[in-house]
Undergrad: 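Questions regarding the structure given below will be posed in turn.
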Amino acid sequence: MKLLITLQQRLSWKLFLSYLIIIVVGVVVLAGTAEFHAPVALARHIARMEALAGYDPALAADLHASFRAAVNEILVVATLAAFLAVVAVSIFTAQRIVGPLQAMMEASQHIAAGDYRQRVQVPGQDELGALARAFNRMAEALERTEQRRMELIGDVAHELRTPLSSIKVIMEGLVDGVLAADPATFLLVQREVARLQRLVYDLEELSRAEAGQIPLEPRPVAPADLVHAAADRLRPQFEDKGVSLRLDVPTDLPQVWADSGRIIQVLLNLLGNALQYTPSGGQVTVRAWRDGQEVAVVVQDTGIGIAAEHLPHIFERFYRVDKSRSRAGGGSGIGLTIAKHLVEAHGGRIWATSPGPGQGSTFSFTLPIA
């Protein structure tokens with residue numbers, strides 16, 4: 001029973017047993033063939049010898065016995081040699097196959113325990129090597145996911161801390177009588193609560209976007225209508241800050257296949273960021289043109305710009321170019337991430353470019369033509 005359990009649990013023993021079964025089957029077939037074919041072959045050869053040297057019953061019997069003994073001896077020696085070969089091959093195969101599998105098993109156990117830094121050595125270019133490379137890619141993905149999870153927890157805690165601290169200070173001021181219980185004080189509390197509500201909404205929207213669960217109702221729509229709708233909503237803010245908003249969107253562009261509300265949400269985010277980071281007297285330009293089977297939309301500003309090392313991370317959640325900015329001054333750091341998921345859900349692409357700090361930035365995205 002213990003031997004059976006060992007055979008079921010150990011791949012190396014299964015490989016050895018499979019080789020041994022192959023050898024046994026080969027020996028049985030060889031012995032059976034020799035047993036049935038040897039008399040016929042021996043009779044034929046003896047008849048030939050009798051034709052040449054004459055018939056001798058004693059010699060014929062001796063030849064029969066010697067031939068069968070020789071065949072049996074050969075089979076025994078071949079069986080022993082095959083058994084030793086099976087042992088050597090099974091050991092070599094176990095090291096080549098079972099060794100990497102055992103390493104993957106040990107690494108997977110460490111990963112299951114929370115150590116996502118585990119990697120295995122790639123043994124070659126065969127299927128085992130492909131499996132090892134796939135395992136390492138999986139481990140890297142899990143490590144990145146765990147790192148993002150930890151960063152998300154820290155970022156959410158940081159984003160919640162500021163408004164909660166403000167509310168706590170205001171409440172303590174009211175209790176101690178330092179602050180008057182008038183509408184202005186309650187308005188401060190209301191503003192902080194509104195910030196918390198916006199953060200919760202952004203987090204819910206981000207969660208749905210990353211899970212691919214944002215409902216879309218795409219239909220053919222003119223790109224100019226989308227851009228003008230977003231620009232009209234933010235134009236008063238541009239005028240208050242003294243930033244020029246210029247639109248260069250031809251009305252004869254082909255219609256795109258898009259959810260109007262979601263794409264306007266993307267444009268509002270890009271325009272809002274451009275307005276926020278462009279000083280008074282600057283300019284924000286929105287342009288659009290046909291690019292093959294897509295329509296490209298570009299929001300370009302003359303603002304503070306983005307350094308090259310920040311561009312690859314600009315669409316990561318909670319990422320800010322200026323780490324010292326508060327939520328009030330720099331947003332939640334979620335809007336661009338949501339915009340990226342929305343554009344990609346439409347089958348488009350979104351990216352950012354900038355010549356460098358102080359030289360403005362450009363955010364571009366594409367939408368498929370209807």
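Hydrogens, waters and symmetry mates are skipped; everything else that's a heavy atom, side chains included, is used.
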Undergrad: Are Lys168 and Glu172 within salt-bridge range, i.e. N to O under 4.0 Å?
TA: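 Yes.
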
Undergrad: Between Thr337 and Lys340, is any pair of side-chain heavy atoms under 4.5 Å apart?
TA: no

Undergrad: Does any part of the side chain of Leu271, heavy atoms only, come nearer than 4.5 Å to the side chain of Arg233, both counted from C-beta?
TA: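 Sidechains of Leu271 and Arg233: no contact.
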
Undergrad: Evaluate Ser361 against Tyr277 for side-chain contact (heavy atoms from CB on, under 4.5 Å), listing each step before the verdict.
TA: CA-CA 10 Å; Ser361 57; Tyr277 296 113; over 6 Å; no

Undergrad: Just how far is it from atom NE2 of His110 to atom CE of Met105, taken to the nearest 0.5 Å?
TA: 10.5 Å

Undergrad: To the nearest 0.5 Å, tell me how far Leu203 CG sits from Ile334 CD1.
TA: 4.5 Å

Undergrad: In this structure, which one of Val243, Thr302, Leu270 forms a side chain to side chain contact (heavy atoms under 4.5 Å, CB included) with Val284?
TA: Val243

Undergrad: Under 4.5 Å between side-chain heavy atoms, hopping through other hydrophobics if needed: is there a path connecting Ile338 to Trp351?
TA: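 Shared cluster, no.
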
Undergrad: Roughly how far, to the nearest 0.5 Å, is CZ of Phe238 from CD of Gln283?
TA: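 Result: 10.5 Å between the selected atoms.
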
Undergrad: Would you say that Val299 contacts Thr362 through its side chain, given a criterion of any heavy-atom pair below 4.5 Å between the two side chains?
TA: no

Undergrad: To the closest 0.5 Å, what do you measure between CD (Glu239) and CG (Leu234)?
TA: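 These two atoms lie 11.5 Å from each other.
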
Undergrad: Leu196, Tyr201: one ILVMFWY side-chain cluster at the under-4.5 Å cut-off?
TA: no

Undergrad: Is there side-chain contact between Lys241 and Leu275, with heavy atoms separated by less than 4.5 Å?
TA: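 Of all side-chain heavy-atom pairs linking Leu275 with Lys241, at least one is under 4.5 Å.
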
Undergrad: Can you list, pair by pair, the side-chain donor-acceptor contacts under 3.5 Å of residues 252-269, counting residues two or more places apart and other chains?
TA:
residue: Asp259; atom: OD1; partner: Gly261; partner atom: N; Å: 3.1
residue: Asp259; atom: OD1; partner: Arg262; partner atom: N; Å: 3.4
residue: Asp259; atom: OD2; partner: Glu217; partner atom: N; Å: 2.7
residue: Ser260; atom: OG; partner: Arg219; partner atom: NH2; Å: 3.2
residue: Arg262; atom: NH1; partner: Glu205; partner atom: OE2; Å: 2.4
residue: Arg262; atom: NH1; partner: Gln265; partner atom: OE1; Å: 3.0
residue: Asn269; atom: OD1; partner: Asn273; partner atom: ND2; Å: 3.3

Undergrad: Got a sec: does the CZ of Arg119 have more than 12 other heavy atoms crowding it under 6.0 Å?
TA: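 Result for CZ/Arg119: enclosed.
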
Undergrad: Report yes or no: does Ser354 contribute a side-chain atom to a donor-acceptor pair with the main-chain N or O of Gly360 at less than 3.5 Å?
TA: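 The answer is yes, because a donor-acceptor pair under 3.5 Å joins these two groups.
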
Undergrad: State, yes or no, whether a side-chain contact exists between Glu294 and Leu367 at a heavy-atom distance under 4.5 Å.
TA: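 A side-chain contact is absent here, since even the closest heavy-atom pair is not under 4.5 Å.
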
Undergrad: So do Val343 and Arg349 actually touch side chain to side chain, heavy atoms under 4.5 Å?
TA: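 Arg349 does not reach Val343 side chain to side chain.
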
Undergrad: Would Phe186 and Leu164 show up in the same hydrophobic cluster when neighbours are defined by side-chain heavy atoms closer than 4.5 Å?
TA: yes

Undergrad: Write down the atom of Ala352, the atom of Phe315, and the distance for their closest heavy-atom approach.
TA: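 Looks like N-CE1, 3.9 Å.
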
Undergrad: Can you find a pair of side-chain heavy atoms, one from Leu226 and one from Val249, that are under 4.5 Å apart?
TA: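 Of all side-chain heavy-atom pairs linking Val249 with Leu226, none is under 4.5 Å.
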
Undergrad: Are Glu140 and Arg137 ion-paired here, with the side-chain N under 4.0 Å from a carboxylate O?
TA: no

Undergrad: Which residues pass the salt bridge (charged side-chain N to carboxylate O under 4.0 Å, His left out) test with Arg161, sequence neighbours left out?
TA: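 Applying salt bridge (charged side-chain N to carboxylate O under 4.0 Å, His left out) to Arg161 gives none.
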
Undergrad: Using salt bridge (charged side-chain N to carboxylate O under 4.0 Å, His left out) as the criterion, list what pairs up with Asp115, not counting sequence neighbours.
TA: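 So Asp115 forms a salt bridge (charged side-chain N to carboxylate O under 4.0 Å, His left out) with Arg117.
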
Undergrad: As a quick check of understanding, evaluate side-chain contact (heavy atoms from CB on, under 4.5 Å) for Thr366 and Val297, giving each step before the final call.
TA: CA-CA 6 Å; Thr366 62; Val297 181; over 6 Å; no

Undergrad: Nearest 0.5 Å, please: how far is OG in Ser244 from CG in Asp301?
TA: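 Going from the CG atom of Asp301 to the OG atom of Ser244 covers 12.5 Å.
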
Undergrad: Which heavy atom of Ser166 sits nearest a heavy atom of Glu192, and at what distance?
TA: CB-CD, 3.6 Å

Undergrad: Grouping I, L, V, M, F, W and Y whenever their side-chain heavy atoms are under 4.5 Å apart, do Leu199 and Val193 come out in a common cluster?
TA: yes

Undergrad: Ignoring hydrogens, what is the shortest heavy-atom contact between Ala139 and Ile111? Give both atom names and the distance.
TA: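 So the two residues come closest at CB-CD1, 3.8 Å.
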
Undergrad: Indicate the atoms forming the closest heavy-atom contact of Gly292 with Ile369, along with that distance.
TA: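 Minimum heavy-atom contact is O-CD1, 3.6 Å.
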
Undergrad: Just by distance, no angles: are the side chains of Thr285 and Asp248 close enough, under 3.5 Å, to form a donor-acceptor pair?
TA: no

Undergrad: Can you spot which of Val295, Ile350, Val298, Leu342 makes a side chain to side chain contact (heavy atoms under 4.5 Å, CB included) with Phe365?
TA: Ile350

Undergrad: Establish whether Trp289 and Val286 are linked, either directly or via other cluster members, by ILVMFWY side-chain heavy-atom contacts under 4.5 Å.
TA: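 No, Trp289 and Val286 fall in different hydrophobic clusters.
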
Undergrad: Report the distance from atom CD of Glu204 to atom CD1 of Ile214, rounding to the nearest 0.5 Å.
TA: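 It comes to 11.5 Å.
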
Undergrad: Which pair of heavy atoms, one from Pro220 and one from Ala370, lies closest together, and at what distance?
TA: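 Shortest heavy-atom contact: CB-CB, 4.0 Å.
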
Undergrad: Can you tell if the side chain of Ile314 reaches within under 4.5 Å of the side chain of Leu336, non-hydrogen atoms only?
TA: yes

